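As structure tokens, the structure follows; a few thoughts come after it.
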Amino acid sequence: MLDIKYLRDNFAAAQKALATRSGELDLSGFQALDQQRRELLSETETLKAEKNKVSALIGQTKDKSQVQGEIARMKEVSAQIKELDERLRSVEEQLSELLMGIPNIPHEQSPVGASEEENVEIRSWGDRPNFAFAPQAHWDIGEKLGILDFERAGKISGARFALYTGAGARLERALINFMLDLHTEQHGYLETLPPFLVNRASMTGTGQLPKFESDLFHTEEVDLFLIPTAEVPVTNIHRDEILNEKQLPLCYTAYTPCFRKEAGSHGRDTRGLIRQHQFNKVELVKFTRPEDSDAELETLLQNAEKVLQLLELPYRVVDLCTGDIGFSAARTFDIEVWLPGQECYREISSCSNFRDFQARRAAIRFRREGAKKPELVHTLNGSGLAVGRTLLAILENYQQADGSVLIPEVLKPYMGGLEKIDN
RNA sequence: GGAGAGGUGACCGAGAGGCCGAUGGUGCUCGCCUGGAAAGCGGGUGUAGUGAAAGCUACCGGGGGUUCGAAUCCCCCCCUCUCCGCCA
């Protein structure tokens, strides 16, 4: 959520900045609603002050017969207050709905552009493998090795689910452990294991609600949502809290499964592990002081890149343009891994600085040393990494002519010393 | 799922229609005292909205209601604890 005061005072500038994002945005009602709200507020508060004053007087008067007129008048005032409050509530509801639907203002340094075509590659790492044979896609490799079973997953659940077996399941688990160990032992993140079902307040805090409810799996009788990313429960760890400046930055990592409806992506990436209703992810989340968030995004991005470097998987880093940045983010870097089976780069991590957008929604603040007023923190997060996509990248990059797949050096200890997966 | 007890400021804990944004204590902080510290003494110490400011308004788990007036009474919901049931 944007700062209403900022929007009020910089309406034209905000509108201009927001126009560089994709999608339609109608802010025309804002100024009138904002005005109405303040008028109603002042009106009802004047009446409340009057009511409070007179009621105190009535309380002090022993002989109530002397104040019958006051009592009657206050009854009238109370009714007026009630009516004004109702109008105020309706205006505030409309205003909040409008405000909650406004995306974050892009970072000044984000490249301006209309779509992903205009994202800017800022660096790449590693050498793409040269194969003396035609590399296969991971779904073929995995099925032939008997470690991925999409057909039975379809039977059990439906489309966009995967069944891992044997070395496949082990490899997924090895990756989770490897990533968590790296981030906790080398990068200083605190491991967490949060709930996978969260309430509306949490989803609203990070920006999934109210706008993107249709992307979420929802449970019927208890009004909970399956998390689409660990960002939601982990960022909400500190919802409605005031942190000490000394604690910052707070850095958390979490492994969780993620659940997404993928509504609107019918027919896209229907094969393989790329786009699943359920997938595993290790997430990195930071809470920082405002002045530190740009630098912290850079280190978070490097922490995510480190996973690919250690796994020796070639990748590139892309600075998302204003038209491609997600709703809540101000700035986003995507890491894209090279997939030889499909001869393209695919997103494997998305690292974002949300600035105070989520913090305002979720009321996550901190108090500076000696300061009276608390301030909003900045929140950041990034995948470190999407586990399923990492596994498929290994299958495609480490595949051999005979159909086997070598295990990356750093994963061998996590695979019980296994050197390669074959039949 | 059943029965009971609770949810008050950073924390503990009073308050049971008006004198309560809330006694007291702990913590924190500033000052005095001290060679320094402890102890002691004195002051300060919630958040938000609105306003140029003084101030005003709201908030005692959440939402409704009764009343001139609600932390306090009534209704619904949520959460925590204890016991029983069930279960990993």
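Below, chain A is the first sequence line, B the second, and so on; all start at residue 1. On a predicted model such as this, the values are computed, not experimentally measured, just so you know.
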Sidechain-backbone polar pair: A:Thr206 side chain, A:Ser202 backbone, donor-acceptor under 3.5 Å = yes

For the [atom1] atoms, the ones on [N] and on [M], what distance do you get once it is rounded to whole angstrom?
N: B:rC74; M: B:rG25; atom1: C1'; answer: 34 Å
N: B:rU82; M: B:rG31; atom1: P; answer: 46 Å
N: B:rG18; M: B:rU72; atom1: C1'; answer: 11 Å
N: B:rA71; M: B:rA58; atom1: P; answer: 9 Å
N: B:rA10; M: B:rU47; atom1: P; answer: 8 Å
N: B:rC60; M: B:rA22; atom1: P; answer: 14 Å
N: B:rG44; M: B:rU23; atom1: P; answer: 12 Å
N: B:rC84; M: B:rC20; atom1: P; answer: 45 Å

Looking across every strand, which nucleic acid part, if any, lies under 4.0 Å from [X] by heavy atom: base, sugar-phosphate, or nothing?
X: A:Arg73; answer: nothing
X: A:Ser78; answer: sugar-phosphate
X: A:Leu41; answer: sugar-phosphate

Expressed in angstrom and rounded to an integer, what is the separation of [X] atom [atom1] from [N] atom [atom2]?
X: A:Leu40; N: B:rU57; atom1: CG; atom2: P; answer: 18 Å
X: A:Arg360; N: B:rG49; atom1: CZ; atom2: P; answer: 10 Å
X: A:Asp223; N: B:rG62; atom1: CG; atom2: P; answer: 19 Å
X: A:Glu39; N: B:rG51; atom1: CD; atom2: C1'; answer: 15 Å
X: A:Ile58; N: B:rA70; atom1: CD1; atom2: P; answer: 12 Å
X: A:Lys75; N: B:rG65; atom1: NZ; atom2: C1'; answer: 14 Å
X: A:Glu86; N: B:rG64; atom1: CD; atom2: C1'; answer: 11 Å
X: A:Ile81; N: B:rU67; atom1: CD1; atom2: P; answer: 14 Å

Note, [X] side chain near [Y] side chain (heavy atom, < 4.5 Å):
X: A:Phe150; Y: A:Gln276; answer: yes
X: A:Ile348; Y: A:Glu336; answer: no
X: A:Tyr164; Y: A:Leu148; answer: yes

Interface polar pairs with nucleotides 9-12 of chain B, N/O, under 3.5 angstrom:
none

Dot-bracket notation for RNA chain B is requested: 5' to 3', Watson-Crick or G-U wobble pairs only, both distances under 3.5 Å, with ( ), [ ], | and . as defined.
-> ((((((((.[[[..)..(.....]]]((((((.......))))))(((((....))))).[[[[[..)....]]]]])))))))....

Of the listed B:rG65, B:rU47, B:rC68, the closest approach to the A:Lys82 side chain comes from B:rG65

So which nucleotide from B:rC56, B:rU50, B:rG18 ends up closest to the side chain of A:Arg37?
-> B:rU50

Select from A:Ala72 and A:Ala49 the residue whose nearest nucleotide in RNA chain B is closer to the 5' end of that strand.
-> A:Ala49

Using heavy atoms to find the nearest nucleotide of RNA chain B for A:Met74 and A:Arg38 separately, return the residue whose nucleotide is more 5′.
-> A:Arg38

Using only heavy-atom distances, determine whether the side chains of [X] and [Y] contain a donor-acceptor pair under 3.5 Å.
X: A:Asp85; Y: A:Thr44; value: yes
X: A:Gln186; Y: A:Lys306; value: no
X: A:Lys286; Y: A:Thr299; value: yes
X: A:Glu396; Y: A:Gln342; value: yes

Going through the distances and angles, do A:His183 and A:Thr253 end up as a side-chain hydrogen bond (donor to acceptor under 3.5 Å, both in side chains)?
-> CA-CA 7 Å; A:His183 295 313; A:Thr253 184; 5.3 Å; no

Geometric class of the [Y]/[X] ring pair [parallel <30°, tilted 30-60°, perpendicular >60°]:
X: A:His218; Y: A:Phe225; result: tilted
X: A:Phe161; Y: A:His277; result: tilted
X: A:Phe30; Y: A:Phe11; result: parallel

Answer yes or no: does a side-chain N or O of A:Arg365 lie under 4.0 Å from OP1 or OP2 of B:rU47?
-> no

Apply side-chain contact (heavy atoms from CB on, under 4.5 Å) to A:Glu151 and list each qualifying residue two or more places apart in sequence or on a separate chain.
-> A:Asp149

Results of side-chain contact (heavy atoms from CB on, under 4.5 Å) for A:Pro210 - residues two or more places apart only | A:Met100, A:Arg361

If you draw a 6.0 Å radius around CD in A:Gln247, do more than 12 non-hydrogen atoms from other residues or ligands fall strictly inside?
-> yes

Quick one, which residues of residues 1-13 of chain A touch RNA chain B with a heavy atom under 4.0 Å?
-> A:Lys5, A:Arg8

Nearest 0.5 Å, what's the OG1-CD1 distance between A:Thr390 and A:Ile176?
-> 10.0 Å

Short N/O separations, protein against nucleotides 58-60 of chain B, under 3.5 angstrom:
| unit_1 | atom_1 | unit_2 | atom_2 | d |
| --- | --- | --- | --- | --- |
| B:rA58 | OP2 | A:Asn52 | ND2 | 3.4 |

